[in-house]
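Scroll down for the structure; my scribbles are underneath it.
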Amino acid sequence: MEERADALRRLRRTHEEAVLAVLRAEGPRSRARLMRDTGLSRTTLFAIISDLMERRVVVESGPAEYGPRQRGRPPTLVSLNPDAGLLVGIDLGRRRVRVAVANVAREIVAAASDDTADADEDERADLAIALLRKTCEDKGVGLAALEAVGVGLVGVLDAPGRRRRAVERLEAAFGVRVEADNNARLAALAERVWGAARSAGDLVYARWSVGVGGGFVAGGRLLRGAHGASGELGHVSVDPAGPRCHCGGRGCLEGRIGVPALLDAIAARGVRLTGTDDLLDAARSRVPAVTDVVVEAARTLGTVLAGAVVQLDPERVVVGGDLALLGGLVLDPIRSAISELALPGTRRAVDVVPADLGPAAAAMGAIALVLTDRDAMPPPRLR
């Protein structure tokens, strides 16, 4: 008897998800249109709509207008309730924390960021909590409807069974489910769902900025790895005899091409720059010492990415982060390295493209992390 009840609940949940998927992808629909789109019977559909309305997941609106006006009362539309089912994405970056709030209609209804210089992870989590509450208050968004929080963290995730304190702080603050992943991996997920890799089921993502991170998607699913370390491109050794990295390895890519390393290499050539913005401005102005260092670093990144391309055979390589803003100056050497080193004898095309979503990618990916139906959702949009 209990097994039969479980089976019925699972079937009902499947039918409910079919209805919600149509409303997410297509917008408001009449009940008759939903019956055609989902293939559900009138009795089943009406029962599901009634239950969803009682839970305030969907609402009725307007009469529908389909062509010439028909006799009788026009049908009303069923749509997702934009004031229900809030989801929060948080990116606890090394130097900046970002928060984004999406409603059940996948609209971004609140977003903000703040500096986190010299703050540890616990302090960044506390800052994100305060920033989220203030931003929602300023925007008139109530958190009573909050369903889940996704959070992007720096570095390798803890082994299974262990939890980061940031997750526990967020759970204590909001009392909802909190899911975490590496923030560069979440940026990869966001690009897969809403960005430069929407049509690609298999991709390699690299984020090149102060640090270097990445993420891999295979068959449309984000790869986390057995120990939460998948996609850690910044800690691929490019010089086994090189300097010790904070990860414990030697000669890691991040220590070679991260922004601090680039600034040191440029200074050694007689040009002193003060930070990422200064570096980007000088590269755009084609200062020779700067462009030489940046192009060499892009070639090094391309060499590492070529190895990932050989192993994963992606349709697309997406490059994000601050350095990707330099366009062809960095993308062309990366393309060249992949073309020369990633099984050049095979006939296959691997697109190398810049990321679409910018600095908010990890926070958006954190929202995608807590969504249950990733392939059916339209992109978040500003309201």
Side-chain angles (χ1 to χ4, degrees), residues 93-95 153-160 181-185 187-188 203-218 222-269 273 276 279 289-314 317-324 326 329-346 350 352:
R94 284 191 180 96
R95 303 196 176 191
L153 305 173
V154 174
V156 177
L157 296 191
D158 290 343
D181 210 320
N182 172 271
N183 55 1
R185 267 202 305 270
L203 72 105
V204 168
Y205 171 83
R207 185 163 72 173
W208 184 12
S209 192
V210 174
V212 180
F216 305 144
V217 173
L222 188 66
L223 300 183
R224 185 179 183 275
H227 308 97
S230 176
E232 285 288 345
L233 295 171
H235 297 290
V236 173
S237 177
V238 294
D239 180 9
R244 182 73 68 182
C245 176
H246 62 82
C247 75
R250 287 189 176 276
C252 289
L253 178 67
E254 182 171 293
R256 176 73 68 85
I257 72 166
V259 167
L262 297 182
L263 295 176
D264 288 345
I266 291 167
R269 301 190 184 203
L273 304 173
T276 302
L279 169 62
V290 177
T291 56
D292 288 349
V293 168
V294 169
V295 169
E296 181 182 346
R299 175 78 186 185
T300 301
L301 175 58
T303 301
V304 171
L305 289 173
V309 168
V310 169
Q311 299 298 319
L312 295 170
D313 191 25
V317 173
V318 179
V319 183
D322 295 313
L323 273 296
L326 295 176
L329 184 68
V330 297
L331 293 177
D332 288 344
I334 292 171
R335 291 184 181 114
S336 177
I338 291 174
S339 176
E340 293 171 13
L341 302 173
L343 298 177
T346 62
V350 180
V352 179

*Please test L323 against V259 for side-chain contact (heavy atoms from CB on, under 4.5 Å), starting from the C-alpha separation and ending with a verdict.*
CA-CA 9 Å; L323 273 296; V259 167; 3.8 Å; yes
*Mark yes or no for whether R335, through its side chain, and S339, through its backbone, hold a donor-acceptor pair below 3.5 Å.*
no
*Mark yes when over 12 heavy atoms from residues, nucleotides or ligands other than Q311 sit less than 6.0 Å from its CD; otherwise mark no.*
no
_Using side-chain heavy atoms (C-beta onward) and a distance below 4.5 Å, is V212 in contact with I257?_
yes
*So, do T303 and V238 sit near enough that their side-chain heavy atoms are less than 4.5 Å apart?*
no
*Check the pair L222 / D181 against side-chain contact (heavy atoms from CB on, under 4.5 Å), numbers first and verdict last.*
CA-CA 10 Å; L222 188 66; D181 210 320; 4.0 Å; yes
*Spacing of L343 atom CG and I338 atom CD1 [to the nearest 0.5 Å]*: 12.0 Å
*CG on L301 to CH2 on W208, rounded to 0.5 Å*: 6.0 Å
*Please report the closest heavy-atom contact between G225 and S230, naming both atoms and the distance.*
N-CB, 3.8 Å
*Is any NZ, NE, NH1 or NH2 atom of the basic residue among E254 and R207 found under 4.0 Å from an Asp or Glu carboxylate oxygen of the other?*
no
*Atom CZ of R185 and atom CG of L153: how far apart are they, to the nearest 0.5 Å?*
10.0 Å
_Salt bridge E296-R256, side-chain N to carboxylate O under 4.0 Å_ = no
_Counting neighbours of CZ on R95 that are heavy atoms of other residues, nucleotides or ligands and sit closer than 6.0 Å, is the number greater than 12?_
no
_Nearest 0.5 Å, please: how far is CD in E232 from SG in C247?_
8.5 Å
*Stepwise, does the side-chain contact (heavy atoms from CB on, under 4.5 Å) test hold for V217 with L223?*
CA-CA 6 Å; V217 173; L223 300 183; over 6 Å; no
*How many angstroms lie between atom CG of L263 and atom OG1 of T276, to the nearest 0.5 angstrom?*
7.0 Å
*asked:* A side-chain contact here means heavy atoms from C-beta on lying under 4.5 Å apart; do H235 and L253 qualify?
replied: no
_Could you report the tightest heavy-atom contact between A265 and V293, atom names first, then the distance?_
CB-CG1, 3.9 Å
*Taking all non-hydrogen atoms of both residues into account, name the closest pair between A184 and G214 and its distance.*
CB-N, 3.5 Å
*Of all the heavy-atom pairs spanning Y205 and A188, show the shortest one and how long it is.*
CB-CB, 3.5 Å
*Decide yes or no for V350 and V204: does some side-chain heavy atom of the first lie under 4.5 Å from some side-chain heavy atom of the second?*
no
_How close do S237 and R250 get, counting heavy atoms only, and between which atoms?_
OG-O, 2.8 Å
*Hey, could you give me the CG/CG distance between L273 and L262, rounded to the nearest 0.5 Å?*
10.0 Å
*What heavy-atom pair brings L233 and G213 nearest, and what distance separates the two atoms?*
CD1-O, 4.0 Å
_Distance alone, cut at 3.5 Å: any donor-acceptor contact between the side chains of R224 and N182?_
no
*asked:* Between V317 and L203, does the side-chain contact (heavy atoms from CB on, under 4.5 Å) criterion hold? Intermediate values first, please.
replied: CA-CA 6 Å; V317 173; L203 72 105; over 6 Å; no
